[in-house]
Chemist: 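Sharing a structure below in structure tokens format, with a few things to ask.
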2 protein chains.
Amino acid sequence: MADGPDIARIATLIGDPARARMLTALMAGHALTASELAVEAGITRQTASGHIARLREGGLVSTARQGRHHYIRLSGSDVAETLEALMEIVDRRGPTRTRPGPKEPEMRHARICYDHLAGALGVQLHDRLIEIGHLTADLTPTPPGLTAFDALGIDIPALQRARRPLCRACLDWSERRTHLAGGLGAALFTAFEDRAWIRRVSGTRIVEIRNPAALYEWLL
Amino acid sequence: MADGPDIARIATLIGDPARARMLTALMAGHALTASELAVEAGITRQTASGHIARLREGGLVSTARQGRHHYIRLSGSDVAETLEALMEIVDRRGPTRTRPGPKEPEMRHARICYDHLAGALGVQLHDRLIEIGHLTADLTPTPPGLTAFDALGIDIPALQRARRPLCRACLDWSERRTHLAGGLGAALFTAFEDRAWIRRVSGTRIVEIRNPAALYEWLL
DNA sequence: CTAATGGTTCGGCCCAAACCGAAGCGTCCA
DNA sequence: TGGACGCTTCGGTTTGGGCCGAACCATTAG
């Protein structure tokens, strides 16, 4: 009898849209910081902080402090399995799907995720970099990749010396696939922006493609 | 962006204590009426009616009218699996642990999970079927397995034609290992029940072993 | 040291939804 | 045909909690 409310407690934690987006983002298996989760969930840092506290209290995530950063990850595979079970229900009988959601097509096409590209364009960039051999499947730069990044003015060795990981896979909530995050993801974004190949729409997370020809040529 | 992953919608449905109690009651696999569910959840009929409408709208339960009665059941095994996954999280890290009531040991030993065996016996069945070669490690029936299932009156080809997957691994929340679900899991349960090898304890999810000799002999 | 950055806490606003009483439908039986 | 029964719908109240602005700690950089 008492187990009813207990599963309700856990389900309630997953049931908030912002928290569900956080947990979905954490499904990639990588630890994320509180700020990154806030961006991923589309809420402010202080709101995210409260959500994280509740998730931690409920045992769904665990946190680790490293300096002034708090890294958050799913607390175990059982949590991931539960989320997958929920996704399966959604998939099997979802009359109102999120994938072709007509809400904000531009957001789904290209947006900024913290400091790197996300959306369909972000996923495409990620896949293409691996496809043309600039990155290996586990996101390590290859010699040709180093040359190509250097041609964009990106100093890979300097990025590698930074504390931040060079490359990280970030799960895209609209595409449900990974895009490129980390120092290189951020560097590529600014490189594209400096060349006016892309531009941020001020006040939103939306990213516009200004020079598709140059962008796609670089991806050949 | 506002409408993130739909898993939040499903989780919210499970996240209300009254609805969680209803769903837990339905885990036994029997259809219940709206009034019975109201008693089970400890709320009035009209409140229960609203909850049932929401659960039906969300696709978690299906209803059937028979005269002036409305019978409600879980809409599928995927819902039961999700609930079991949630129970496993609760079981593993629940702060307010459910009192180890008198029913607990029997529940852990053998219980029904929607329509198939769970608990220690369920896990044992799963492992044994693989061990004696009736199923492969990825849960495909072998020729000797087909013969053995046929001897129990189970029509595997008919089950394979059904929409439901024939064999499915379902994570057991008390054993933390997988037991056998899917069409075959359900068919085995009814076959054992028909032969009076096992019996359900009415009003609960507990399953009693009535003829252990016959049951274990079949598993040789 | 000060400044910048990551994270948390506090206070107040606001809304979704859970709840019940009462009334409204159907369905079944005498 | 009237009445009992099962269930749903409607109104109105209440509350939990999600959200943000602002202020507050902690760590690192300069």
Side-chain angles (χ1 to χ4, degrees), chain A residues 4-5 8-23 26 31-58 60-73 113-115 158 161-165 181 183 186 203 205, chain B residues 1-6 8-23 26 31-58 60-73:
Chain A
R9 261 188 64 249
I10 305 297
T12 297
L13 287 175
I14 308 173
D16 176 77
R19 284 195 294 262
R21 282 193 286 267
M22 289 179 172
L23 292 169
L26 290 171
L32 296 176
T33 66
S35 297
E36 286 171 326
L37 282 178
V39 173
E40 206 68 37
I43 53 180
T44 60
R45 288 203 304 279
Q46 61 268 30
T47 302
S49 176
H51 283 312
I52 291 164
R54 294 198 63 187
L55 289 173
R56 186 181 45 221
E57 193 179 344
L60 295 191
V61 304
S62 57
T63 63
R65 264 179 62 185
Q66 259 182 35
R68 54 183 169 182
H69 295 268
H70 285 199
Y71 285 101
I72 294 123
R73 66 178 67 235
C113 168
Y114 191 54
D115 59 4
R161 281 193 300 274
R163 202 162 326 181
R164 180 176 190 188
R205 292 172 59 195
Chain B
M1 166 179 95
D3 58 349
D6 260 359
R9 188 119 71 96
I10 305 298
T12 296
L13 287 175
I14 308 174
D16 177 76
R19 285 194 296 262
R21 281 192 288 267
M22 289 178 172
L23 292 169
L26 290 171
L32 297 175
T33 67
S35 298
E36 287 170 325
L37 283 178
V39 172
E40 204 71 37
I43 52 179
T44 60
R45 272 189 244 101
Q46 61 268 31
T47 303
S49 176
H51 283 313
I52 292 164
R54 293 199 64 188
L55 288 172
R56 187 182 45 222
E57 170 89 10
L60 295 190
V61 304
S62 56
T63 63
R65 270 225 301 270
Q66 264 181 32
R68 50 184 170 179
H69 295 270
H70 283 200
Y71 286 102
I72 294 120
R73 65 178 65 238

Chemist: Return a single string for nucleotides 11-20 of chain C, one symbol per nucleotide in 5' to 3' order, where B is base contact, S is sugar-phosphate-only contact and - is none, cutoff 4.0 angstrom on heavy atoms.
Modeler: ------SSSB

Chemist: Tell me the interatomic distance from B/Ile52, atom CD1, to D/dT9, atom P, rounded to whole angstroms.
Modeler: 11 Å

Chemist: Show the numbers, then the answer: is there a side-chain contact (heavy atoms from CB on, under 4.5 Å) between A/Ile14 and B/Ile10?
Modeler: CA-CA 9 Å; A/Ile14 308 173; B/Ile10 305 298; over 6 Å; no

Chemist: Shortest non-hydrogen contact from A/Glu57 to A/Arg9?
Modeler: O-NH2, 4.5 Å

Chemist: Using the 3.5 Å cut-off, write out each protein N or O paired with an N or O of nucleotides 27-30 of chain C and the distance between them.
Modeler:
none

Chemist: Going by side chain to side chain contact (heavy atoms under 4.5 Å, CB included), name the residues that satisfy it together with B/Thr33, two or more places apart in sequence or in a different chain.
Modeler: B/Ser35, B/Glu36, B/His69, B/Tyr71

Chemist: In whole Å, I'd like the distance from the CD1 atom of A/Ile72 to the C1' atom of C/dG6.
Modeler: 11 Å

Chemist: For B/Thr47, check side chain to side chain donor-acceptor pair (under 3.5 Å) against everything at least two apart and list the hits.
Modeler: B/Thr44

Chemist: Look up atom CG in A/Leu23 and atom CG in A/Leu55, then write down how far apart they are to the nearest 0.5 Å.
Modeler: 5.0 Å

Chemist: Whole angstroms only, please: what is the CD-P distance between B/Glu57 and D/dT8?
Modeler: 14 Å

Chemist: How close or far is atom P of C/dC25 from atom NE2 of B/His70, stated in whole angstroms?
Modeler: 16 Å

Chemist: Over how many whole Å does the gap from A/His69 atom NE2 to C/dA4 atom P extend?
Modeler: 17 Å

Chemist: In whole Å, what is the span from the CE atom of A/Met22 to the P atom of C/dG7?
Modeler: 11 Å

Chemist: Between atom CG of B/Leu32 and atom CG of B/Leu37, what is the distance when rounded to the nearest 0.5 Å?
Modeler: 5.0 Å

Chemist: Could you report the tightest heavy-atom contact between B/Ala48 and B/Ala34, atom names first, then the distance?
Modeler: CB-O, 4.3 Å

Chemist: Using whole Å, report how far CZ of B/Arg45 lies from P of D/dA4.
Modeler: 15 Å

Chemist: Applying side chain to side chain donor-acceptor pair (under 3.5 Å), can you list everything that pairs with B/Thr12, at least two apart in sequence or on another chain?
Modeler: none

